[in-house]
Asker: 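Here's a structure for you.
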Amino acid sequence: MLLTIDIGNTNITLGAYNSGFLAFTARLATDPRKTDDQYAIEIKHILSLYNIEGEQIEDCIISSVVPAVARSVSSAISKLCEIVPLMLGPGVKTGLNIKIDNPAQLGADLVAGAVGAIDSYKMPCVIIDMGTASTISVLDRDGAFLGGVISAGVRLTLKALTENTALLSSIPIEAPKSVIGTNTTECMQAGLVFGTAAMIDGLLEKITDELGEKPTVVATGGLSRDIIWHCKADIIYSENLLLDGLRVIYEKNR
């Protein structure tokens, strides 16, 4: 069984593949203060929920945008499963042709998402990942990584609003009944949900113009499912895109 782990700024997503099929997914909170022993306990509990013993995990691959947490989680897996996880980074074969100015700057999460998209969808492709940051990655018709867009994520935007204004409080992130809000909560929700959807539509239109052809558009990440339904563009939701990409990368490096 292969354990895939994607470490983001807010959440850690785990997925176990058995003979190429995803057996389960689970999430932990990302916390740089936790030790490898604490992560080992949490991961052991998750595995036990699905009746999986540590020795059943034959290998592991990790992508991370939080280096300190990556080290702790890698050590935790080594203690639990007596294996050394493969860390996605320089020297790992991905098969991805990266055409940005400095390929070394490309985040491991974006690499995993791109590889997952190439494996499953028609090129060219645009990948939208909504997490702490909202990122858009662009792949050309040959699957080469051209570049993308980074903006503040929905929760990060809400946090900035509530922490820097005296009269605005935190609200649930959900679509209001109308884009024209009639109270403060609805006005904020309209800006967060409909505003993000409109931004995505506008960026996709500009990206399509620059590509010169209509791309496949795939969305993943925590809030994508709640946002993309309010977009005019045709967007495919892929919940486990990054985990699938990690599985493909692992197979290239076996």
Side-chain angles (χ1 to χ4, degrees), residues 6-14 25-34 42 46 63-66 68-69 107 109-110 112-113 117 125-138 147-210 215-243:
D6 175 55
I7 301 172
N9 289 293
T10 304
N11 292 312
I12 300 171
T13 305
L14 298 88
T25 61
R27 283 175 173 76
L28 297 172
T30 302
D31 188 347
R33 297 170 299 178
K34 289 180 183 176
E42 292 187 356
I46 286 175
S63 70
S64 175
V65 296
V66 191
V69 175
D109 54 338
L110 301 185
C125 183
V126 174
I127 305 157
I128 303 166
D129 188 349
M130 292 188 194
T132 304
S134 291
T135 63
I136 296 178
S137 303
V138 182
V149 178
I150 300 175
S151 63
V154 179
R155 286 197 178 93
L156 195 59
T157 301
L158 176 59
K159 183 179 179 181
L161 271 174
T162 56
E163 289 185 355
N164 293 284
T165 54
L167 298 178
L168 298 181
S169 58
S170 189
I171 58 168
I173 300 174
E174 58 188 35
K177 62 181 182 293
S178 170
V179 70
I180 304 173
T182 56
N183 55 63
T184 301
T185 296
E186 289 182 355
C187 290
M188 292 173 66
Q189 288 174 330
L192 291 169
V193 177
F194 298 141
T196 301
M199 178 188 72
I200 290 171
D201 279 331
L203 288 171
L204 288 176
E205 183 178 348
K206 290 182 178 297
I207 289 168
T208 300
D209 288 344
E210 288 194 20
T216 305
V217 183
V218 183
T220 191
L223 285 170
S224 292
R225 187 180 355 220
D226 299 321
I227 301 294
I228 62 174
W229 310 130
H230 303 287
C231 294
K232 294 180 179 179
D234 184 17
I235 303 174
I236 302 166
Y237 179 69
S238 178
E239 182 177 8
N240 300 308
L241 183 68
L242 270 63
L243 299 182

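Only a predicted model underlies this, so the values are computations on that prediction, with no experimental measurement involved.
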Asker: Can any side-chain N or O of Glu174 pair as donor or acceptor with the backbone N or O of Gln189 at less than 3.5 Å?
Answerer: no
Asker: For the backbone of Leu110 and the side chain of Ser137, can you confirm whether one donor and one acceptor N or O come within less than 3.5 Å of each other?
Answerer: no
Asker: Hey, does the side chain of Ser134 reach the backbone of Met130 with a donor-acceptor pair shorter than 3.5 angstrom?
Answerer: no
Asker: Taking all heavy atoms of Leu241 and all of Ala117, pick out the closest pair and write down the distance.
Answerer: CD1-N, 3.6 Å
Asker: Got a second to check how far Ile7's CD1 is from Asp109's CG, nearest 0.5 Å?
Answerer: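 Spacing of CD1 (Ile7) from CG (Asp109) equals 11.0 Å.
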Asker: Find the distance between SG (Cys187) and CG (Leu192) and round it off to the nearest 0.5 Å.
Answerer: 11.5 Å
Asker: Is there side-chain contact between Arg27 and Leu14, with heavy atoms separated by less than 4.5 Å?
Answerer: no
Asker: Could you state the interatomic distance from CD1 (Ile235) to CZ (Arg225), rounded to the nearest 0.5 Å?
Answerer: 14.5 Å
Asker: Can you name the nearest heavy-atom pair linking Ser63 to Asp6, along with the distance?
Answerer: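 Closest pair (atom of Ser63, atom of Asp6, distance): OG-OD1, 2.8 Å.
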Asker: Would you compute the distance between atom CG of Leu28 and atom CG of Asn11 and round it to the nearest 0.5 angstrom?
Answerer: 8.5 Å
Asker: Might you work through the side-chain contact (heavy atoms from CB on, under 4.5 Å) test for Thr30 and Val66, ending with a clear yes or no?
Answerer: CA-CA 9 Å; Thr30 302; Val66 191; 4.3 Å; yes
Asker: By the salt bridge (Lys or Arg N to Asp or Glu O under 4.0 Å) test, which pairs, at least two apart or in different chains, include something from residues 197-206?
Answerer: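 Listed by first then second residue: nothing to list.
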Asker: Could you check Arg155 against Thr132 for side-chain contact (heavy atoms from CB on, under 4.5 Å), going step by step and ending with a plain yes or no?
Answerer: CA-CA 7 Å; Arg155 286 197 178 93; Thr132 304; over 6 Å; no
Asker: Once salt bridge (Lys or Arg N to Asp or Glu O under 4.0 Å) is applied, what residue pairs with a partner in residues 177-193 remain, sequence neighbours excluded?
Answerer: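 Salt bridge (Lys or Arg N to Asp or Glu O under 4.0 Å) check on residues 177-193 returns Lys177-Glu186.
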Asker: Check Tyr237 against Ser224 and note the closest heavy-atom contact, atom names and distance.
Answerer: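 Smallest interatomic distance, heavy atoms only, reads CE1-CB, 4.0 Å.
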Asker: Any side-chain donor paired with an acceptor under 3.5 Å for Ser170 and Thr162?
Answerer: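 No, no side-chain donor-acceptor pair sits under 3.5 Å.
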Asker: Between Leu204 and Ala233, what is the shortest heavy-atom contact and its length?
Answerer: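 Scanning both residues completely, I find the closest heavy atoms to be CD1-CB, 3.6 Å.
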Asker: Give the C-alpha distance, both sets of side-chain angles, the deciding distance and a yes or no for side-chain contact (heavy atoms from CB on, under 4.5 Å) between Leu203 and Ile136.
Answerer: CA-CA 9 Å; Leu203 288 171; Ile136 296 178; 3.7 Å; yes
Asker: List in chain and number order the residues that pass side chain to side chain donor-acceptor pair (under 3.5 Å) with Asp31, two or more places apart in sequence or in another chain; answer none if no residue qualifies.
Answerer: Arg33
Asker: Please check if any side-chain donor atom of Thr220 sits under 3.5 Å from a side-chain acceptor atom of Asp129, or the reverse.
Answerer: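 Checked: Thr220/Asp129 side chains show no N/O donor-acceptor pair below 3.5 Å.
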Asker: Considering non-hydrogen atoms only, spot the tightest contact between Ile171 and Leu158 and give its length.
Answerer: O-CD2, 3.5 Å
Asker: Evaluate the criterion side-chain contact (heavy atoms from CB on, under 4.5 Å) for residue pair Ile128 and Val217; output intermediate values, then yes/no.
Answerer: CA-CA 8 Å; Ile128 303 166; Val217 183; 3.7 Å; yes
Asker: Could you state the interatomic distance from CG (Leu168) to CD (Glu163), rounded to the nearest 0.5 Å?
Answerer: 12.5 Å
Asker: Can you see which heavy atom on Ala190 is nearest to which on Ser178, and at what distance?
Answerer: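 Smallest interatomic distance, heavy atoms only, reads CB-O, 4.3 Å.
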Asker: Is Val126 close to Val218 at the side-chain level, that is, under 4.5 Å between some pair of heavy atoms?
Answerer: no
